[in-house]
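So the structure is just underneath, and the comments pick up after that.
We use all heavy atoms of the structure for the numbers below, so side chains are in, but hydrogens, waters and symmetry mates are not.
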Amino acid sequence: MKVARDLFELRELISQLDLTDEKRDSPRYKVSIPGNYYIEQGSQNKSLSNCRLVNVSTRGACIEIEEVTFQLGDIVHLQFSIGSSITEAVGKVAYIDRKGNACKVGLQSAVENDTILNQLLIKFWISS
C-alpha cells in the first residue's frame, strides 16, 4: 500500500477506493507527514513540538511523537506545511499508546461538525 508523504499525495490516495482498512468502521489512510503540534493551554505561549501524522480517517487521526506531555481529553493543534502556507487541525486526545521510543496519539476532531481530515485539507483544496 502506498503511503502519502504530503497533503498532495493524501488527496490522491483518498480518491482511490482500495486504501481502506476494512477492520475499522471508518477508512484509515496511511500517511507519513512531518509536522508540528501544540497543546491548548489557555493564554500561555504556544510551544511547538515535532510530530508525524501516521494515519487519518473521517473520524480522527494518529500522530507519532517522542514524548507525551499531555493527557487524555487535552486539545491538540496540528500544523503542517503546504508550500509557503500552514494548515491546521484541532483534535482531542482519545488514546495514548507508548511503544519503545515513540508514542502514538489518537485524536478525534475537536471542531463540531468537522473532521480532522477536512480541517487539514480545506486550505489545501482552496489554494490548489
Side-chain angles (χ1 to χ4, degrees):
M1 179 181 300
K2 186 176 178 183
V3 174
R5 304 275 180 218
D6 58 34
L7 293 176
F8 293 100
E9 289 180 7
L10 177 58
R11 182 173 67 175
E12 181 64 28
L13 289 177
I14 289 171
S15 69
Q16 298 174 12
L17 296 176
D18 62 343
L19 295 174
T20 61
D21 181 345
E22 299 301 331
K23 295 182 289 187
R24 301 179 184 269
D25 60 352
S26 180
R28 292 194 178 259
Y29 302 96
K30 291 183 180 181
V31 297
S32 181
I33 302 174
N36 296 299
Y37 74 94
Y38 66 90
I39 307 305
E40 192 172 286
Q41 296 177 332
S43 62
Q44 295 179 353
N45 290 339
K46 301 173 188 173
S47 177
L48 288 177
S49 298
N50 294 327
C51 69
R52 178 167 298 279
L53 185 65
V54 294
N55 72 49
V56 293
S57 74
T58 56
R59 298 183 67 188
C62 181
I63 59 171
E64 192 172 77
I65 59 175
E66 290 183 11
E67 182 182 352
V68 176
T69 57
F70 47 82
Q71 57 191 350
L72 293 176
D74 283 352
I75 302 298
V76 176
H77 293 255
L78 302 174
Q79 296 181 338
F80 300 95
S81 296
I82 302 174
S84 61
S85 299
I86 295 198
T87 188
E88 185 170 311
V90 182
K92 181 169 44 170
V93 178
Y95 73 84
I96 300 170
D97 184 12
R98 293 175 176 88
K99 287 188 179 177
N101 294 335
C103 299
K104 288 191 176 178
V105 178
L107 304 170
Q108 295 176 328
S109 180
V111 177
E112 192 173 322
N113 299 322
D114 203 0
T115 67
I116 289 178
L117 187 58
N118 284 345
Q119 293 174 56
L120 287 172
L121 294 178
I122 192 71
K123 188 173 187 177
F124 170 75
W125 276 320
I126 291 170
S127 66
S128 62

Donor-acceptor pairs are to be reported for all side-chain atoms of residues 67-83 against protein atoms at under 3.5 Å, with residues two or more places apart or in another chain.
residue : atom : partner : partner atom : Å
Asp74   : OD2  : Gln71   : N            : 2.9
His77   : ND1  : Tyr38   : OH           : 3.3
His77   : ND1  : Glu88   : OE2          : 2.8
His77   : NE2  : Glu40   : OE1          : 2.7
Gln79   : NE2  : Glu88   : OE1          : 3.1

Name every donor-acceptor pair, under 3.5 Å, that has one atom in a side chain of residues 93-104 and the other anywhere in the protein, sequence neighbours excluded.
none

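Counting heavy atoms from C-beta outward, Val90 and Gln119 have side chains that approach closer than 4.5 Å.
The line from CZ of Arg59 to OG of Ser109 is 12.0 Å long, rounded to the nearest 0.5 Å. Remark: Asn55 CG to Tyr29 OH distance equals 11.5 Å, nearest 0.5 Å.
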Asn36 and Asn50: CA distance, side-chain angles, deciding distance, side-chain contact (heavy atoms from CB on, under 4.5 Å) verdict: CA-CA 4 Å; Asn36 296 299; Asn50 294 327; 3.0 Å; yes
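Cluster membership for Ile65 and Ile39, using ILVMFWY side-chain heavy atoms within less than 4.5 angstrom, is shared.
Evaluation of the side chain to side chain donor-acceptor pair (under 3.5 Å) rule for Ser32 yields Arg5, Arg52 as partners, not counting sequence neighbours.
Residues Leu53 and Ala61 share a closest heavy-atom pair of CD1-CB, 3.9 Å.
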